[in-house]
Amino acid sequence: MNRCSWAKSDLMIAYHDNEWGQPLHDERALFELLILEGLQAGLSWEIVLKKRVLYREALDDFDFHKIAMYDEDKYDLLMHTEGLIKNKLKMRAIISNAKAFIDIQKDFGSFDKYIWSYVNNQQVIHEYEHFNDAPTFDELSTKISKDLKKRGFKFVGPTIIYSYMQAIGMYDDHEVDCFRHHKTC
């Protein structure tokens, strides 16, 4: 079975085969991946995926309503939780991004409606032969990044947003010979 050449370890293969590039519309899952993509800044995606279960436990299964209510005591607890990334700015961003996420839901009815409106609710299918052919950001990810920052989000630069768009299936950047290219769950 052909799959994207970046999917090498068991963890990355499972993520590739079951999640990456598949259109996602669940609010909690959209928030989770936005947070995980932000956590990836300066790290590998595999490192973040290895910590995913720990983050689900520590962050109330990415319940953005609960996270938006976190206080300094909870922040301190998170900063001392074994296995989490100990970056103060990233940890604070999780909390502020939960608040901004809720604000977008109020303004647009859902984050899903907001984010998918950028592609007219249709997956954009690219034709890359190798994952290195895909850009790290583009005009659309830059536009979304600017708007998210204006709305109070942190760790949402154009590269992070491009990766997020791939993760939630707004972009199908599976390599052309990958069994997942042009297919949805």
Between R92 and E72, is the salt bridge (Lys or Arg N to Asp or Glu O under 4.0 Å) condition met? List the steps. CA-CA 10 Å; R92 292 232 183 258; E72 282 299 309; 2.8 Å; yes
Please report the interatomic distance NE2(H65) to CG(D60), rounded to the nearest 0.5 Å. 12.5 Å
Identify whether the distance between the nearest side-chain nitrogen and carboxylate oxygen of E27 and K113 falls below 4.0 Å. no
To the nearest 0.5 Å, what is the distance between CZ (R52) and CG (L59)? 12.5 Å
So for atom NZ, which belongs to K146, do other residues, nucleotides or ligands contribute more than 12 heavy atoms lying within a distance under 6.0 Å? no
Passing option when I144 is tested against L140, D147, T142 for side-chain contact (heavy atoms from CB on, under 4.5 Å): L140
Inspect the contact between K143 and E139 and indicate whether a charged nitrogen and a carboxylate oxygen are less than 4.0 angstrom apart. no
Taking the side chain as C-beta and beyond, is there a heavy-atom pair between R151 and D103 under 4.5 Å? no
Linking I/L/V/M/F/W/Y whenever their side-chain heavy atoms sit closer than 4.5 Å, directly or via other members, would Y75 and L54 fall into one cluster? yes
According to the ring-ring contact (aromatic ring centres under 6.0 Å, His included) rule, which pairs have a member within residues 93-114, sequence neighbours left out? F31-F101, F64-F101, F101-F111, F108-Y114, F111-Y114, Y114-Y118
Can you give me the closest heavy-atom contact between A58 and Y70, atom names plus distance? O-OH, 3.7 Å
F131, CZ: over 12 other non-hydrogen atoms inside 6.0 angstrom: yes
Contact summary for H181 and H126, nearest pair of heavy atoms: CE1-O, 2.8 Å
So do the side chains of I104 and L148 get within less than 4.5 Å of each other, counting heavy atoms only? yes
Is E37 reaching over with its side chain to a backbone N or O of V156, donor-acceptor style, under 3.5 angstrom? no
Residues at least two apart in sequence or cross-chain that pass side-chain contact (heavy atoms from CB on, under 4.5 Å) with A14, listed by chain then number, are N18
Ignoring hydrogens, what is the shortest heavy-atom contact between S141 and P158? Give both atom names and the distance. OG-O, 3.1 Å
Just do the side chain to side chain contact (heavy atoms under 4.5 Å, CB included) check on Y162 and T136 with the steps written out, would you? CA-CA 7 Å; Y162 190 94; T136 56; over 6 Å; no
So does D71 pair up with K74, basic N to acidic O under 4.0 Å? no
Look at R3 together with D17 and state whether they make a salt bridge at an N to O cut-off of under 4.0 Å. yes
Provide the closest heavy-atom pair for R180 versus D172 in the form atom of the first, atom of the second, distance. O-OD2, 4.0 Å
How long is the gap from NZ on K51 to CZ on R56, to the nearest 0.5 Å? 15.5 Å
Check: N97 main-chain N/O paired with K154 side-chain donor or acceptor under 3.5 Å: no
Does T81 reach the main-chain N or O of L77 with its side chain, forming a donor-acceptor pair under 3.5 Å? yes
Closest non-hydrogen atom pair, Y128 against P135: OH-CD, 3.3 Å
With side chains defined as the heavy atoms from C-beta onward, is the minimum distance between Y55 and I35 less than 4.5 Å? no
Following the transitive rule for hydrophobic clusters with a side-chain heavy-atom cut-off under 4.5 Å over Ile, Leu, Val, Met, Phe, Trp and Tyr, establish whether L36 and L78 coincide in one cluster. yes
Does CG belonging to N132 count more than 12 external heavy atoms closer than 6.0 Å? yes
Would you compute the distance between atom CG of D112 and atom OG of S117 and round it to the nearest 0.5 angstrom? 9.5 Å
Tell me, do M170 and Y164 make a side-chain contact under 4.5 Å, heavy atoms counted? no
Output for pair (M1 CE, F179 CZ), nearest 0.5 Å, gives 5.0 Å
Counting N and O atoms only, with roles assigned by atom type, does the side chain of D133 sit under 3.5 Å from a partner on the main chain of H130, one being a donor and the other an acceptor? yes
H174 and H16 aromatic centres sub-6.0 Å: yes
Verify, without hydrogens or angle tests, whether K90 (side chain) and K88 (backbone) share a donor-acceptor contact under 3.5 angstrom. no
Linking I/L/V/M/F/W/Y whenever their side-chain heavy atoms sit closer than 4.5 Å, directly or via other members, would V119 and I161 fall into one cluster? yes
Between Q122 and W116 the two heavy atoms that sit nearest each other are C-CZ3, 4.1 Å
Is there a path of hydrophobic side-chain contacts, each under 4.5 Å between heavy atoms of I, L, V, M, F, W or Y residues, that connects L24 with I125? no
If the test is side-chain contact (heavy atoms from CB on, under 4.5 Å), which one of I95, L89, I94 qualifies with M91? I94
H182 vs E127, test: side-chain hydrogen bond (donor to acceptor under 3.5 Å, both in side chains). Steps then yes/no. CA-CA 10 Å; H182 290 304; E127 302 289 330; 2.8 Å; yes
Got C4 and W20 here, is their nearest side-chain heavy-atom distance under 4.5 Å? yes
Determine whether more than 12 heavy atoms belonging to other residues, nucleotides or ligands lie under 6.0 Å from atom CE of M79. yes
For residues 38-49, run the donor-acceptor check on the side chains, cut-off 3.5 Å, and write out each pair with its distance to 0.1 Å, sequence neighbours left out.
residue : atom : partner : partner atom : Å
S44     : OG   : I47     : N            : 3.1
E46     : OE2  : S9      : OG           : 2.5

Does I115 belong to the same Ile/Leu/Val/Met/Phe/Trp/Tyr cluster as M165, with side-chain heavy atoms less than 4.5 Å apart forming each link? yes
